[in-house]
Amino acid sequence: MEIKKKVPTNTITRDIKDLAAPTGNIYETVVILYKRANQIALAEKKELAKKLEDFRSDRDTMEEVFENREQIEISKYYEKLPKPDLIAISEFEDGELFYRTAGQEE
């Protein structure tokens with residue numbers, strides 16, 4: 001997953017009123033952020049599984065598992081990525097998310 005902008009990797013205290021302003025309701029905002037974070041997490045998981053599939057073998061020994069440096073580097077890269085919820089919040093604050101509620105006219 002390619003992150004195009006700088007997203008903080010640690011938690012930042014945010015004002016609830018600022019987060020609720022676009023939707024008018026903090027609960028709607030939380031649902032929107034949850035759904036987007038879930039999309040991001042699933043995409044990262046699928047991408048990681050695809051990359052690690054090349055290293056899968058039916059007869060892995062303990063030595064092979066510990067010696068595979070490329071697999072370790074890939075895993076470290078994904079561990080250092082910002083968490084999906086932080087990415088979702090950043091996208092929401094920057095107005096990059098499109099959302100609509102049921103029954104809403106366009």
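Because only heavy atoms are used, hydrogens play no part in the values below, and waters and symmetry mates are left out as well, while side chains stay in.
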Would you compute the distance between atom [atom1] of [X] and atom [atom2] of [Y] and round it to the nearest 0.5 angstrom?
X: Ile89; Y: Leu33; atom1: CD1; atom2: CG; result: 5.5 Å
X: Ile87; Y: Ile40; atom1: CD1; atom2: CD1; result: 5.0 Å
X: Ile72; Y: Glu70; atom1: CD1; atom2: CD; result: 10.5 Å
X: Phe92; Y: Arg14; atom1: CZ; atom2: CZ; result: 11.5 Å
X: Glu73; Y: Lys76; atom1: CD; atom2: NZ; result: 5.5 Å

### Message
Please tell me whether Tyr77 and Leu48 are part of a single hydrophobic cluster in this structure, the criterion being side-chain heavy atoms less than 4.5 Å apart.
### Response
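As far as the 4.5 Å side-chain criterion goes, Leu48 and Tyr77 are connected within one cluster.
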### Task
State plainly whether one hydrophobic cluster holds both Leu42 and Tyr34, where clusters connect Ile, Leu, Val, Met, Phe, Trp and Tyr through side-chain heavy atoms under 4.5 angstrom apart.
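Unlinked, Leu42 and Tyr34 end up in two clusters.
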Residue pair [X] / [Y]: nearest heavy atoms and the distance that separates them:
X: Tyr27; Y: Asn25; value: N-OD1, 2.9 Å
X: Ile16; Y: Ile26; value: CG2-CD1, 3.5 Å
X: Glu44; Y: Pro82; value: OE2-O, 4.2 Å
X: Pro84; Y: Ala37; value: CB-O, 3.4 Å

### Task
Evaluate whether atom CD1 of Ile12 has more than 12 neighbouring non-hydrogen atoms of other residues, nucleotides or ligands under 6.0 angstrom away.
yes
### Query
Is there a side-chain contact between Tyr78 and Lys51 (heavy atoms, below 4.5 Å)?
yes
### Message
Test side chain to side chain contact (heavy atoms under 4.5 Å, CB included) on Arg36 and Gln39; report intermediate values, then the result.
### Response
CA-CA 5 Å; Arg36 179 60 182 143; Gln39 289 175 343; 3.2 Å; yes
### Query
Hey, is the main chain of Leu86 close enough, under 3.5 Å, to the side chain of Ser90 for a donor-acceptor pair?
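No; zero donor-acceptor contacts below 3.5 Å.
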### Query
Between Thr23 (side chain) and Glu28 (backbone), is there a donor-acceptor pair under 3.5 Å?
no
